[in-house]
Amino acid sequence: MRLIFLGPPGVGKGTQAQLLCKKYGIPQISTGAMYRQAIKNQTTPGKQAEALMKQGKLMPDFITLGLVKERLQKSDCKNGYLLDGFPRTIPQAEGFDKLLQEMHQKLDAVISISVDEAVLIKRLSGRRSCPKCGAVYHADIHPFSKKGLCDKCHEKLVQREDDKHETIKKRMDVYLTQTVPLLDYYKKKKLLYEVDGDQEIEKVFNSILNLLEK
Ligand code: AMP
């Protein structure tokens, strides 16, 4: 199964991706997580990503495509993969189509999850994560304790730099102008499936499964 998840920041792509990857036994490939790792390691792309992420901007297409290309060569992608946060621009989608051709692979589906902008802003600004184990918390979904510590490793939870209010707005704008055109791109290829993300996690998951197993 080869899948793409599309949707604005905070829509729940990461959560749904984890559930789906577990069910199908495929890796979740998140370009955002790859860039956050590169920032931690202070590599050259990591330093560039740090500056751009703070402003809510995207990394250059050729760097992102190179990163994805390298990741898809790994053996765990043999039976499929789920791309979470990639492609995000038309040139990335076109580059990915070329890559699929080179690898003699076909995409099975593109799942677009949508939620109202006001709900998204509330979700993102309340999101906290553990810098040690990566667990994600949220007041409405997975509440954290008053002390703001991780349940598992008791580390102090942090807010992602790009979940701060000013950056959220910029990320939304970037999504609307650069990523939304992909909906039409994949609709024309008859690969697009749309899901309402403003429901409980389990309901969203079941809607996705119903679409995929139809
Ligand atoms: P995410 O966790 O998917 O919201 O990604 C966090 C940040 O990483 C984005 O705001 C971008 O700066 C960068 N990034 C992630 N995926 C991509 C992509 N496909 N193209 C360009 N930049 C990306």
Side-chain angles (χ1 to χ4, degrees), residues 2-18 20-21 27-72 77 81-100 107 110-115 117 119-121 123-131 134-138 158-183 185-186 197:
R2 296 185 196 95
L3 303 169
I4 288 177
F5 263 21
L6 281 182
V11 81
K13 292 190 298 288
T15 307
Q16 295 297 330
Q18 273 178 15
L20 215 59
C21 286
Q28 172 187 359
I29 299 179
S30 155
T31 40
M34 287 159 91
Y35 281 131
R36 278 187 288 281
Q37 189 58 45
I39 292 175
K40 248 191 194 164
N41 299 341
Q42 283 291 294
T43 60
T44 310
K47 286 180 190 157
Q48 189 179 358
E50 191 166 21
L52 289 174
M53 253 196 222
K54 270 191 194 146
Q55 304 168 54
K57 292 185 181 162
L58 295 181
M59 283 290 281
D61 290 332
F62 78 98
I63 297 185
T64 308
L65 273 162
L67 204 69
V68 171
K69 182 172 181 176
E70 197 183 312
R71 179 65 185 86
L72 295 184
C77 295
Y81 43 80
L82 188 160
L83 293 168
D84 161 18
F86 173 90
R88 253 165 144 117
T89 64
I90 293 282
Q92 286 184 18
E94 290 170 346
F96 181 55
D97 278 343
K98 270 198 202 139
L99 195 58
L100 283 168
L107 195 59
V110 177
I111 304 199
S112 158
I113 313 180
S114 57
V115 167
E117 186 169 324
V119 178
L120 289 178
I121 293 179
R123 278 193 195 175
L124 285 171
S125 49
R127 180 161 77 173
R128 298 289 182 280
S129 59
C130 174
V136 179
Y137 293 80
H138 191 283
V158 294
Q159 182 174 38
R160 264 172 57 172
E161 196 59 43
D162 57 349
D163 277 349
K164 298 196 172 146
H165 197 77
E166 324 72 70
T167 318
I168 292 176
K169 192 77 194 109
K170 177 70 192 163
R171 287 164 71 202
M172 294 289 180
D173 291 347
V174 167
Y175 177 76
L176 288 176
T177 53
Q178 306 209 50
T179 311
V180 163
L182 294 184
L183 299 178
Y185 183 89
Y186 287 114

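Excluded from the calculations below are hydrogen atoms, water molecules and symmetry mates; all remaining heavy atoms, backbone and side chain alike, are included. Note that ligands are numbered from 1 as they come in the structure, with each ligand's atoms numbered from 1 the same way.
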Per the side chain to side chain contact (heavy atoms under 4.5 Å, CB included) rule, which among I111, V110, I29 passes with I4?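 Among I111, V110, I29, the one that satisfies the side chain to side chain contact (heavy atoms under 4.5 Å, CB included) with I4 is V110.
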
Identify, chain by chain and in numerical order, each protein residue with a heavy atom under 4.0 Å from an atom of ligand 1.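 Contacts of ligand 1 under 4.0 Å: T31, G32, Y35, R36, M53, K57, L58, M59, T64, G85, F86, R88, Q92, R160, D162, R171.
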
Side chains of T167 and D162: any donor to acceptor distance under 3.5 Å?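 Short answer, no.
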
Do you see a donor-acceptor pair shorter than 3.5 Å between the side chains of Y35 and S30?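 Side chains of Y35 and S30: no pair found under 3.5 Å.
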
Quick one: does P9's side chain get under 4.5 Å of L120's, heavy atoms only?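 Not touching, per the 4.5 Å side-chain cut-off.
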
Salt-bridge present (E117, K169; N to O < 4.0 Å):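 Yes, this pair counts.
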
Using a strict 4.0 Å threshold on nitrogen-to-oxygen distance, state whether R171 and D163 make a salt bridge.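 Judged by the 4.0 Å cut-off on N to carboxylate O distance, R171 and D163 do form a salt bridge.
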
